[in-house]
Undergrad: 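Please find one structure pasted underneath; my questions will follow.
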Amino acid sequence: MVTRSTARPVAAPLALLLLLIACAPVPQAQPTPGATTYQPAVGDVQHVPRIGDVGVWMMTGNLRPSTWLDQPYHSRTLREPVNVVLIDRAARTPDEASSRLLGAMSAAGYPPRSMHSDGYWGLLNGEFRPQFPRTGRSEAFSDGPAYTSNNHGRLFGPWKIADGYVFTGAFSREDLSLLPTPHHTYNSFQVAREDLAARLTARSIYRRSSYLNLGSRVETPMTTTGDHDGRAVLLIAVR
């Protein structure tokens, strides 16, 4: 279900000031690289041929699935799924893969922008990777300023696999609500996923390939994944 903010429009400078006050960086503990204490629950990892065991949730620093800063959605916990997987088949090093992806995101109109929570982690084949790029400046990839409705998300990686270098991502559309205090409200996971895939395909080295069924749609009395359909879009870059 898609919801929209009912807050009345305000001048951009005032909204920006209020959001700066409300959206201070959210500190995240850092899991120990290669930690073996994390035991995924059933459904937290999905095996994908030629890629491996994909962690299907964006993870907080305490190794729990992210839940939109614990803001309830229709009185339920909103879990944030991984809904984008990117493979660079031409990059020769992790640094090259990272540089090529950063250029692709900027070309697609999704540069890193400030005023977002950060410090999240992704999981693939039992190895955690931090949010990319790791600037510590409270950034996420976004198609617009944080004081407007925007598509935004975090990317994690890279991981090396036989086919190249892999990044995973969790993208969503959010609105700005000013009441009772300024905060971002959930709008849609699918809208952001599809917009990002279309723009990357049209403007960058990445091309939409297919969808991966990660089995990550959740609908229970206590927890939901909103309009997420359980799939991640797969995009592939070649030379």
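A quick note: this is a predicted structure, and the numbers were derived from the prediction, not measured. We number each residue from 1, following the sequence as shown.
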Undergrad: If we count only N and O atoms by modelled type, under 3.5 Å, do the side chains of Thr93 and Asp95 hold a donor and an acceptor together?
TA: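 Side chains of Thr93 and Asp95: no pair found under 3.5 Å.
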Undergrad: Partners of Asp53 by salt bridge (Lys or Arg N to Asp or Glu O under 4.0 Å), sequence neighbours excluded?
TA: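 Partners of Asp53 by the salt bridge (Lys or Arg N to Asp or Glu O under 4.0 Å) criterion come out as none, since no residue qualifies.
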Undergrad: Could you list the residues that satisfy ring-ring contact (aromatic ring centres under 6.0 Å, His included) with His152, not counting sequence neighbours?
TA: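 Scan of His152 (ring-ring contact (aromatic ring centres under 6.0 Å, His included), adjacent residues dropped) gives His116.
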Undergrad: Treating Gln131 as the side-chain partner and Gly119 as the backbone partner, does any N or O pair qualify as donor plus acceptor under 3.5 Å?
TA: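 Side chain of Gln131 to backbone of Gly119, a donor-acceptor pair under 3.5 Å: yes, one is there.
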Undergrad: Side chain of Asp143, backbone of Asn151: donor and acceptor closer than 3.5 Å?
TA: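 Side chain of Asp143 to backbone of Asn151: a pair is present.
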Undergrad: For Arg207, look at atom CZ and say whether over 12 heavy atoms of other residues, nucleotides or ligands are found less than 6.0 Å away.
TA: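 Correct, the count exceeds 12.
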Undergrad: For residues 156-168, which residue pairs pass the side chain to side chain donor-acceptor pair (under 3.5 Å) check, not counting sequence neighbours?
TA: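 Passing the test, one end in residues 156-168: Arg50-Asp163.
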Undergrad: For Thr67, check side chain to side chain contact (heavy atoms under 4.5 Å, CB included) against everything at least two apart and list the hits.
TA: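 Thr67 satisfies side chain to side chain contact (heavy atoms under 4.5 Å, CB included) with Asp70, Thr77 once adjacent residues are dropped.
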Undergrad: Hydrophobic side-chain clustering at under 4.5 Å (ILVMFWY, transitive links): who's grouped with Leu196? Put none if nobody.
TA: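 Under the 4.5 Å side-chain rule, Leu196 groups with Val84, Leu86, Leu101, Leu102, Met105, Tyr110, Phe132, Phe141, Leu155, Phe167, Phe171, Leu200, Ile205, Tyr206, Tyr211, Val233, Leu235.
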Undergrad: Which atom pair, heavy atoms only, marks the closest approach of Phe189 to Asp227?
TA: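 Heavy atoms only, the tightest pair is N-OD1, 2.8 Å.
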Undergrad: Just do the side-chain contact (heavy atoms from CB on, under 4.5 Å) check on Ser216 and Gln46 with the steps written out, would you?
TA: CA-CA 9 Å; Ser216 51; Gln46 179 71 31; over 6 Å; no
Undergrad: A side-chain contact here means heavy atoms from C-beta on lying under 4.5 Å apart; do Glu174 and Asn187 qualify?
TA: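 No, too far: nothing below the 4.5 Å cut-off.
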Undergrad: Going from CG on Asn125 to CD1 on Ile161, what distance comes out if it is rounded to the nearest 0.5 angstrom?
TA: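 It is 8.0 Å, given to the nearest 0.5 Å.
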Undergrad: Flag the pair Arg239 and Glu96 as a salt bridge only when some basic side-chain nitrogen lies within less than 4.0 angstrom of an acidic carboxylate oxygen.
TA: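 Between Glu96 and Arg239 there is a salt bridge, with a charged N closer than 4.0 Å to a carboxylate O.
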Undergrad: Salt bridge (Lys or Arg N to Asp or Glu O under 4.0 Å) with Asp195: which residues, sequence neighbours excluded?
TA: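 By the salt bridge (Lys or Arg N to Asp or Glu O under 4.0 Å) rule, Asp195 matches Arg199.
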Undergrad: Can you list everything that forms a side-chain hydrogen bond (donor to acceptor under 3.5 Å, both in side chains) with Ser142? Sequence neighbours excluded, please.
TA: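 Per chain and number, Ser142 pairs via side-chain hydrogen bond (donor to acceptor under 3.5 Å, both in side chains) with Asn150.
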Undergrad: Would you say that Val85 contacts Ile51 through its side chain, given a criterion of any heavy-atom pair below 4.5 Å between the two side chains?
TA: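 Heavy-atom side-chain distance check passes, below 4.5 Å.
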Undergrad: Is there side-chain contact between Glu194 and Arg208, with heavy atoms separated by less than 4.5 Å?
TA: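 Touching, per the 4.5 Å side-chain cut-off.
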Undergrad: Sequence neighbours left out, what passes salt bridge (Lys or Arg N to Asp or Glu O under 4.0 Å) with Arg100? Give chain and number order.
TA: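 Asp88.
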Undergrad: Please name all residues satisfying side-chain hydrogen bond (donor to acceptor under 3.5 Å, both in side chains) with Gln71, sequence neighbours left out, ordered by chain then number.
TA: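 Listed in chain order: nothing, the list is empty.
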Undergrad: Are any non-hydrogen side-chain atoms of Pro111 and Arg113 less than 4.5 angstrom apart?
TA: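 Of all side-chain heavy-atom pairs linking Arg113 with Pro111, at least one is under 4.5 Å.
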Undergrad: Report the distance from atom NE2 of His184 to atom CG of Leu176, rounding to the nearest 0.5 Å.
TA: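 Atom-to-atom, His184:NE2 and Leu176:CG are 5.5 Å apart.
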Undergrad: Please give me the minimum heavy-atom distance between Ala170 and Pro81, naming the atom from each residue.
TA: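 Heavy atoms of Ala170 and Pro81 come nearest at CB-O, 3.3 Å.
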Undergrad: Looking only at heavy atoms, what is the nearest atom pair of Ser138 and Ser117, with distance?
TA: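 Closest approach of Ser138 to Ser117, heavy atoms only: OG-N, 4.2 Å.
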Undergrad: If I compare all heavy atoms of Trp121 with all of Arg134, which pair ends up nearest, and what's the gap?
TA: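 Of all heavy-atom pairs spanning Trp121 and Arg134, the closest is CZ2-NH2, 4.1 Å.
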Undergrad: Quick check: do Thr223 and Arg76 have side-chain heavy atoms less than 4.5 Å from each other?
TA: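 No - every pair of side-chain heavy atoms lies 4.5 Å or more apart.
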Undergrad: Considering only heavy atoms from C-beta outward, does the side chain of Arg231 approach that of Leu214 to under 4.5 Å?
TA: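 No, every pair of side-chain atoms sits at 4.5 Å or beyond.
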Undergrad: Can you confirm whether Ser172 sits close enough to Met58 that some side-chain heavy atom of one is under 4.5 Å from a side-chain heavy atom of the other?
TA: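 Result no, sub-4.5 Å side-chain heavy-atom pair not found.
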Undergrad: Hey, does the side chain of Arg129 reach the backbone of Gly122 with a donor-acceptor pair shorter than 3.5 angstrom?
TA: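 Pair absent, no side-chain N/O of Arg129 close to backbone of Gly122.
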Undergrad: Using the salt bridge (Lys or Arg N to Asp or Glu O under 4.0 Å) criterion, which residues pair with Arg193? Sequence neighbours excluded.
TA: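 Only Asp229 meet the salt bridge (Lys or Arg N to Asp or Glu O under 4.0 Å) criterion with Arg193.
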Undergrad: Calculate, to the nearest 0.5 Å, the distance between atoms CE and OH belonging to Met59 and Tyr120 respectively.
TA: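 If I round to the nearest 0.5 Å, the distance is 12.5 Å.
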Undergrad: Do you see a donor-acceptor pair shorter than 3.5 Å between the side chains of His74 and Thr224?
TA: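 Side chains of His74 and Thr224: no pair found under 3.5 Å.
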Undergrad: If you define the side chain from C-beta out and look only at heavy atoms, does anything of Arg173 sit under 4.5 Å from Ser149?
TA: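 They are in side-chain contact.
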Undergrad: For Ser66, give me all partners under side-chain hydrogen bond (donor to acceptor under 3.5 Å, both in side chains), at least two apart in sequence or on another chain.
TA: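 Partners of Ser66 under the side-chain hydrogen bond (donor to acceptor under 3.5 Å, both in side chains) test: Glu80.
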Undergrad: Strictly distance-based, threshold 3.5 Å: is any side-chain N or O of Thr148 a donor or acceptor partner for the main-chain N or O of Pro145?
TA: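 Checked: pair present.
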Undergrad: Taking all heavy atoms of Gly43 and all of Val56, pick out the closest pair and write down the distance.
TA: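 Smallest interatomic distance, heavy atoms only, reads O-CG2, 3.2 Å.
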Undergrad: Ring of Trp57, cation from Arg79 - is the NZ or CZ under 6.0 Å from the centre and inside 45° of the axis?
TA: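 Ring-cation test returns yes.
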Undergrad: Answer yes if the side chains of Ser114 and Glu139 hold a donor-acceptor pair under 3.5 Å, and no otherwise.
TA: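 On atom types as modelled, these side chains do not qualify, holding no pair under 3.5 Å.
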Undergrad: Suppose we screen for side-chain hydrogen bond (donor to acceptor under 3.5 Å, both in side chains). Which residues come up paired with Ser98, at least two apart in sequence or across chains?
TA: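 Counting only residues at least two positions away or on another chain, Ser98 forms no side-chain hydrogen bond (donor to acceptor under 3.5 Å, both in side chains).
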